Amino acid sequence: MPRRSKPNDGTSPSPTNEQAATYDRLVPMLEAAHREMTELSKKKQDGIVNTLKIKMLNRLLSELSKVIENDPSYAFVDMLDEETLPQNSDAVLVLSQWQAALKQYRDRHYGYDSYEHESRWFTVENPRG
């Protein structure tokens, strides 16, 4: 039996098709970055994240922020601070918060469409039937 999503409770507007596509394209990159930062953190928890990594991660997070900017969870995610250069463990925490927020977002807006007999995004252009 396919897992059903929670219906949108009105606190998070439905995504557009473009936002859903951005989510699908970038979340695997976020997961890969989180794995990489977790490995770095295991080796050297208090190591400082270099500027290049922070810029790359923030570019990814900036695009993902456009997906969830109107979602309540957006208030609880942050970008990585390029000025203070966070430790590896801090970066892992930030990326974990993003993953949790994005998972909640997907749970609200993605699910099984019994009419189409498939799982899909429920978007502005293609709402829940």
Side-chain angles (χ1 to χ4, degrees):
M1 180 87 170
R3 195 177 84 179
R4 295 190 182 268
S5 69
K6 297 176 201 167
N8 184 3
D9 60 7
T11 61
S12 179
S14 295
T16 62
N17 286 340
E18 182 179 348
Q19 287 172 312
T22 298
Y23 182 105
D24 289 339
R25 186 178 71 252
L26 297 181
V27 165
M29 291 180 193
L30 176 64
E31 291 169 353
H34 182 261
R35 280 192 305 275
E36 183 67 28
M37 290 307 304
T38 298
E39 287 302 312
L40 284 173
S41 182
K42 286 178 185 176
K43 293 176 185 173
K44 194 167 185 186
Q45 191 173 23
D46 58 350
I48 302 299
V49 182
N50 69 42
T51 307
L52 176 63
K53 284 186 184 101
I54 291 175
K55 285 183 184 201
M56 291 172 62
L57 291 170
N58 278 343
R59 185 173 59 209
L60 177 63
L61 298 178
S62 177
E63 287 301 308
L64 286 167
S65 73
K66 295 173 187 173
V67 174
I68 65 167
E69 65 189 352
N70 295 317
D71 190 77
S73 63
Y74 184 67
F76 299 96
V77 294
D78 294 303
M79 303 296 274
L80 294 165
D81 189 351
E82 293 182 41
E83 299 296 318
T84 62
L85 298 178
Q87 294 180 348
N88 291 332
S89 59
D90 298 330
V92 170
L93 177 63
V94 168
L95 296 177
S96 295
Q97 289 172 317
W98 274 93
Q99 284 185 309
L102 288 160
K103 181 186 181 314
Q104 288 175 354
Y105 186 79
R106 185 177 194 275
D107 287 349
R108 277 194 284 278
H109 301 293
Y110 186 92
Y112 187 73
D113 182 341
S114 57
Y115 182 73
E116 295 290 328
H117 304 292
E118 66 181 6
S119 294
R120 67 173 182 86
W121 284 96
F122 297 104
T123 62
V124 172
E125 299 87 351
N126 193 8
R128 188 176 305 273

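Computed from a predicted model, the values in this text were never measured in an experiment. When reading the values below, keep in mind they use all heavy atoms of this one structure, side chains included, and skip hydrogens, waters and symmetry mates.
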Trainee: Mind checking side chain to side chain contact (heavy atoms under 4.5 Å, CB included) for Asn70 and listing every partner two or more places apart, or none if nothing turns up?
Mentor: Pro13
Trainee: Would you please name every residue forming a salt bridge (Lys or Arg N to Asp or Glu O under 4.0 Å) with Glu63, sequence neighbours left out?
Mentor: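 Residues passing salt bridge (Lys or Arg N to Asp or Glu O under 4.0 Å) with Glu63: Lys66.
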Trainee: State which residues pass side chain to side chain contact (heavy atoms under 4.5 Å, CB included) with Thr51; sequence neighbours excluded, sorted by chain then number.
Mentor: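 Partners of Thr51 under the side chain to side chain contact (heavy atoms under 4.5 Å, CB included) test: Lys55, Leu85.
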Trainee: Please find the pair of heavy atoms, one from Ser14 and one from Gln19, that lie closest to each other, and give the distance.
Mentor: O-OE1, 4.4 Å
Trainee: Is the terminal nitrogen or CZ of Arg106 (NZ for Lys, CZ for Arg) located under 6.0 angstrom from the six-membered ring centre of Tyr110 and within 45° of that ring's axis?
Mentor: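 Ring-cation test returns yes.
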Trainee: Measure from the side-chain N and O atoms of Tyr115 to the backbone N and O of Arg128, and report whether any donor-acceptor pair falls under 3.5 Å.
Mentor: no
Trainee: With sequence neighbours excluded, tell me which residues meet side-chain hydrogen bond (donor to acceptor under 3.5 Å, both in side chains) with Ser62.
Mentor: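 Not a single residue meets the side-chain hydrogen bond (donor to acceptor under 3.5 Å, both in side chains) criterion with Ser62.
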Trainee: Got Lys53 and Leu40 here, is their nearest side-chain heavy-atom distance under 4.5 Å?
Mentor: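 Counting from C-beta outward, Lys53 and Leu40 do come under 4.5 Å.
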Trainee: Transitive ILVMFWY cluster of Leu52 at side-chain heavy atoms under 4.5 Å: who else is in it?
Mentor: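 Noted: Leu52 shares its cluster with Met56.
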Trainee: Just to verify, what does Ser41 make a side-chain hydrogen bond (donor to acceptor under 3.5 Å, both in side chains) with, not counting sequence neighbours?
Mentor: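 Ser41: no side-chain hydrogen bond (donor to acceptor under 3.5 Å, both in side chains) contacts found.
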Trainee: Answer yes or no: does atom CD of Glu18 have more than 12 heavy-atom neighbours from other residues, nucleotides or ligands under 6.0 Å?
Mentor: no
Trainee: Kindly write out the residues that satisfy side chain to side chain contact (heavy atoms under 4.5 Å, CB included) with Lys42, not counting sequence neighbours, or none if the list is empty.
Mentor: Thr38, Glu39
Trainee: For Glu118, check side chain to side chain contact (heavy atoms under 4.5 Å, CB included) against everything at least two apart and list the hits.
Mentor: Glu116, Arg120
Trainee: Any ion pair linking Asp71 and Arg108 (charged N to carboxylate O, less than 4.0 Å)?
Mentor: yes
Trainee: State yes or no: do Met79 and Leu26 share one hydrophobic cluster built from I, L, V, M, F, W and Y residues joined by side-chain heavy-atom distances below 4.5 Å, directly or via other members?
Mentor: yes
Trainee: If you look at every heavy atom in Pro15 and Glu125, which pair is closest and at what distance?
Mentor: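 Closest heavy-atom pair between Pro15 and Glu125: O-OE1, 4.3 Å.
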Trainee: Which atoms form the tightest heavy-atom contact between Asp81 and Glu83, and what is the distance?
Mentor: OD1-N, 2.9 Å
Trainee: Using every non-hydrogen atom in the two residues, find where Tyr105 and Val67 come nearest and quote the distance to one decimal.
Mentor: OH-O, 3.4 Å
Trainee: Return the minimal non-hydrogen interatomic distance between Glu82 and Ile54, and the atom names on each side.
Mentor: CG-CG2, 3.3 Å
Trainee: Who are the side-chain hydrogen bond (donor to acceptor under 3.5 Å, both in side chains) partners of Asp24, not counting sequence neighbours?
Mentor: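 side-chain hydrogen bond (donor to acceptor under 3.5 Å, both in side chains) check on Asp24 returns Trp121.
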Trainee: Considering only distance and modelled atom types, tabulate donor-acceptor pairs under 3.5 Å from the side chains of residues 88-101, sequence neighbours left out.
Mentor:
{"from": "Asn88", "atom 1": "ND2", "to": "Lys44", "atom 2": "O", "distance (Å)": "2.8"}
{"from": "Asp90", "atom 1": "OD2", "to": "Gln87", "atom 2": "N", "distance (Å)": "3.4"}
{"from": "Ser96", "atom 1": "OG", "to": "His34", "atom 2": "NE2", "distance (Å)": "2.8"}
{"from": "Ser96", "atom 1": "OG", "to": "Val92", "atom 2": "O", "distance (Å)": "2.9"}
{"from": "Trp98", "atom 1": "NE1", "to": "Asp78", "atom 2": "O", "distance (Å)": "2.8"}
{"from": "Gln99", "atom 1": "OE1", "to": "His34", "atom 2": "ND1", "distance (Å)": "3.3"}

Trainee: So, taking the atom named CG in Leu61 and the one named CG in Leu30, what distance separates them when rounded to the nearest 0.5 Å?
Mentor: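 Here the interatomic distance stands at 6.5 Å.
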Trainee: Output all residues satisfying side-chain hydrogen bond (donor to acceptor under 3.5 Å, both in side chains) with Asn17, sequence neighbours left out; order by chain, then residue number.
Mentor: Thr123
Trainee: If hydrophobic clusters are built by linking Ile, Leu, Val, Met, Phe, Trp and Tyr wherever their side-chain heavy atoms come under 4.5 Å apart, do Val49 and Met29 end up in the same one?
Mentor: yes
Trainee: Nearest 0.5 Å, what's the CG-OG distance between Leu102 and Ser73?
Mentor: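 Atom-to-atom, Leu102:CG and Ser73:OG are 7.0 Å apart.
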Trainee: Please report the interatomic distance CG(Leu80) to CG(Asn58), rounded to the nearest 0.5 Å.
Mentor: 5.0 Å
Trainee: Would you mind reporting whether Pro127 and Phe122 have side-chain heavy atoms less than 4.5 Å apart?
Mentor: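 Result no, sub-4.5 Å side-chain heavy-atom pair not found.
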